[in-house]
Amino acid sequence: MANVLAFAESRAGALRKVALEAVTAARALADTAGGGEVHAIVAGAPGIAGEAPRLGAHGADRVVAVEHAAFANYDPESIAATVAERAKSGGYRAIIFSASAQGRDLAPRVAAKLGVGMLSDVISLEVSGDAIVAKHPAYANKVIATVAVTGSPAIVSLRPNAFTPVENARAGTVESAQPAADPGASRVVVRETIKGSSTRPDLTEAPVIVSGGRGLKAPENFKLVEELAEAFGNAAVGCTRAVTDDGWRPHSDQIGQTGRVVSPQLYVAVGISGAIQHLAGMRTSGTIVAINKDREAPIFKVADYGIVGDALQIVPALTKAVREARRHG
Amino acid sequence: MKIAVCIKRVPDMEARFRIASSGASVDEAGLKYDMGDFDGYAVEAALQITEKQGGEVVAISLGPAVVQETLRKALSMGVARAVQLEAAAIPFDGFAIARALAAELKDGGYDLIMFGKVALDSANGVVGAMTAELLGLPVVTACSKLDVAGGRGTARRELEGGAELVEFPLPAVVTIDEGIARPRYPALKGIMAAKKKPLEVKPAQLGEQRATIKSMELPAERPPGRIIGEGTDAIPELVRLLQNEAKVL
Ligand SMILES: Cc1cc2nc3c(=O)[nH]c(=O)nc-3n(C[C@H](O)[C@H](O)[C@H](O)COP(=O)(O)OP(=O)(O)OC[C@H]3O[C@@H](n4cnc5c(N)ncnc54)[C@H](O)[C@@H]3O)c2cc1C
Ligand SMILES: Nc1ncnc2c1ncn2[C@@H]1O[C@H](COP(=O)(O)O)[C@@H](O)[C@H]1O
């Protein structure tokens, strides 16, 4: 029987969807590894323990709630130490993180503290003999590697959106714990948090992404992209490197080889040429729509539905049509 | 200011990759190699700091003799000297790499140790933070802005839907994201000078490797693209397809 620990990521006092993905994957792993317990560890400002029922509902037998005023901001040093301490005491077979910005920061710290191996950014996960085996996109997402890690606990980070949260109710018994390292002693200190440029859902979580490129001509025309995203209701806004280079959008919105990797159900590329480095970040999207005035643009090679023409005319009309369709849908 | 930059030799990601006959690696035939994209940003950022504040930049790469080409490229950009940690191959296991790099960096007296955020071939994104832990140094990952002065650093980190500004004491480790600096092209003078710069070769202390690649496959190809029409006239058809065929609306 092997227990599995899931790191339940939160921000501003609420769980993120990736927390439920981690708990779901931990549950499945524990069940196939002989039916051990799933423990979810959540760190946040006082009150975060109130999120425990959602973790229980997704398969956590126990919720370790580490509440501290300093955890209103992400404190990597103290949180990594706390997760590692818990790991040492718990006899876990694996520790599951999301490969979100926070999880990518935290997981390798914990692995190194424990002196164990890790697998990053996996899209599947199973136990095979004394190894944990997973699929992992590599080479700018152009190759799928099957990777394995031996030793306990194995550290794994999950590609956001690759695992669907599944309800599987367990007790979710809350156990409070203290930070294993004094947050006041952390050397890296957050001075300021900056909200993103839009109030839309996050790129890695959104089922629809409307993305703009240099073909939009001017930063103010991103308003058209924002409005189309608004019309879909649940869409995030992305962009190309050409656009972040020109300072039209922040780097956190960039999709591609050196930006974010996304895989929404629907990706709408507006005024984007479809450079190979951009495709590296979005080619696994479910349906791809492209709007570009150049019939020869490479984006049309991957677009399920392409429209040739001026984005500045097409996008407002499409926004109207999507609003209509959703009103009557 | 003494800065170390760890650089990995990786294939150019524009390539159309094939799987080698072993089934567990890519076929190297015809691939072009260079330092990773983010490693290039790190080298450039390090050079800009020492050009302003004085000091030297040292480049370190772990791998077989061919990584010397990658180190020469860094030297030609302006790095003062280079260290190859010799290993028969570059392992997949990031912790093994981190252990070997930490052993080399430990007594180097560096104020700042820089990494790429991720090497896009193995796509692990772990070596920088692991090395920092092994060295007991503070680490800031995925920096898109970086300033160092007076023994302290400030950095910006991109998060999902936002960013944070952090402050930290030196010595420290940082991993570099998009947004800091684009690597300069080596000038002819730099390329000539690089030939005479010191490049030391030492054995890599890799130790046990727990993470391995078992096999590789190419992902399914997307169906070929389709243009459904021109201008605003095509919108009704697009909406119909999104509703009835793709079922995403
Ligand atoms: C190492 C490296 C890493 C990179 N990483 C990334 C990355 O992560 N993400 C990324 O996106 N790029 C990346 N790039 C850059 C990439 O190569 C391209 O330069 C970039 O994606 C181009 O952005 P774009 O499509 O917005 O601009 P362009 O290539 O300039 O394309 C603009 C498009 O808009 C169309 N257009 C113009 N006017 C209109 C109009 N009125 N209506 C409709 N269409 C119009 C044009 O036909 C054209 O196809 C990277 C490059 C390198 C070398
Ligand atoms: N073999 C290597 N030699 C030197 N530096 C490396 C090596 N492998 C990884 N790195 C560094 O660690 C970063 C992250 O690599 P990874 O964790 O493998 O994605 C890279 O961008 C490099 O800065």
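Chain identifiers are assigned alphabetically (A, B, ...) following the order of the sequence lines, protein sequences preceding nucleic acid strands; residue numbering begins at 1 within each chain.
- Side-chain contact annotation: A:T193 with B:E164, donor-acceptor N/O pair under 3.5 Å absent.
- Heavy atoms of A:N141 lying under 4.5 Å from chain B belong exclusively to its backbone.
- Both the backbone and the side chain of B:A246 come within contact range of chain A, each with at least one heavy atom under 4.5 Å from a heavy atom of that chain.
- A donor-acceptor pair is defined here as one N or O able to donate and one able to accept, closer than 3.5 Å; such a pair exists between the side chain of A:K142 and the backbone of B:A15.
- Both the backbone and the side chain of A:Q265 come within less than 4.5 Å of a heavy atom in chain B.
- Of the atoms belonging to A:E205, not a single heavy atom falls under 4.5 Å from chain B.
- Under the 4.5 Å side-chain criterion, counting only non-hydrogen atoms from C-beta, A:V143 is in contact with B:V26.
- Closest heavy-atom contact between B:E14 and A:Q277: OE2-NE2, 3.1 Å.
- Listed in order of number, the residues of residues 27-36 of chain B that approach chain A to under 4.5 Å between heavy atoms amount to none.
- A pairwise comparison of heavy atoms in A:S120 and B:N124 identifies OG-O, 2.8 Å as the closest pair.
- Contact record, B:P138 with A:V188: CB-CG2, 3.8 Å, taken as the closest heavy-atom pair.
- Using a 4.5 Å cut-off between heavy atoms, A:D310 does not touch chain B at all.
- At a 4.5 Å heavy-atom cutoff, the contact between B:L159 and chain A is made by backbone and side-chain atoms alike.
- Considering only heavy-atom pairs separated by less than 4.5 Å from chain A, the leading option among B:D93, B:I19, B:L242 is B:L242.
- Here A:K135 pairs with B:E217 in a salt bridge; the nearest charged N to carboxylate O distance falls below 4.0 Å.
- Looking at A:T204, only its side chain comes within 4.5 Å of chain B, counting heavy atoms on both sides.
- Using a 4.5 Å cut-off on side-chain heavy atoms (C-beta onward), A:V147 and B:F92 make contact.
- Using a 4.5 Å cut-off between heavy atoms, A:P207 makes no contact with chain B at all.
- Only the backbone of A:T284 comes within contact range of chain B, with heavy atoms under 4.5 Å apart.
- Minimum interatomic distance between B:M130 and A:P108 (heavy atoms only, all atoms of both residues): CG-O, 3.4 Å.
- Residue A:D253 holds its CG atom at 9.0 Å from CD of B:E158, rounded to the nearest 0.5 Å.
- One distance of note links CG of B:L249 with CZ of A:R326; it measures 7.5 Å at 0.5 Å rounding.
- Distance alone, capped at 3.5 Å, is enough to place a donor-acceptor pair between the A:H136 side chain and the B:S122 backbone.
- For the atom pair OG (A:S252) and CZ (B:R156), the distance works out to 6.5 Å, reported to the nearest 0.5 Å.
- Heavy-atom distances place no part of B:V10 under 4.5 Å from chain A, backbone and side chain included.
- At a 4.5 Å heavy-atom cutoff, A:I132 makes no contact with chain B through either its backbone or its side chain.
- Looking at every heavy atom in both residues, A:S285 comes nearest to B:R222 through O-NH1, 2.7 Å.
- Scanning all heavy atoms of the two residues, the minimum distance from B:A123 to A:P137 falls at CB-O, 3.8 Å.
- Interface residue A:A140: backbone and side-chain heavy atoms are both found under 4.5 Å from chain B.
- In this structure, chain B has heavy atoms under 4.5 Å from both the backbone and the side chain of A:I144.
- Legend: residues meeting ring pair (Phe, Tyr, Trp, His ring centres under 6.0 Å) with B:Y110, ordered by chain and number and at least two apart, are absent.
- For the salt bridge (charged side-chain N to carboxylate O under 4.0 Å, His left out) condition, the pairs that include at least one residue of residues 101-113 of chain A, sequence neighbours left out, are A:R104-A:D121, A:D105-A:R109, A:D105-B:R157, A:K113-B:E133.
- Residue A:V110 does not touch chain B at all, counting heavy-atom pairs closer than 4.5 Å.
- Both the backbone and the side chain of B:D121 come within contact range of chain A, with heavy atoms under 4.5 Å apart.
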Donor-acceptor contacts, no H, no angles, side chain residues 224-236 of chain B, under 3.5 Å, sequence neighbours left out:
{"from": "B:R226", "atom 1": "NH2", "to": "B:E245", "atom 2": "OE1", "distance (Å)": "3.1"}
{"from": "B:E230", "atom 1": "OE2", "to": "A:R295", "atom 2": "NH2", "distance (Å)": "2.5"}

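- Residue B:R99 does not touch chain A at all, counting heavy-atom pairs closer than 4.5 Å.
- Rounded to the nearest 0.5 angstrom, B:E167 CD and A:R191 CZ are separated by 4.0 Å.
- Heavy atoms closer than 4.5 Å to chain B are found in both the backbone and the side chain of A:I307.
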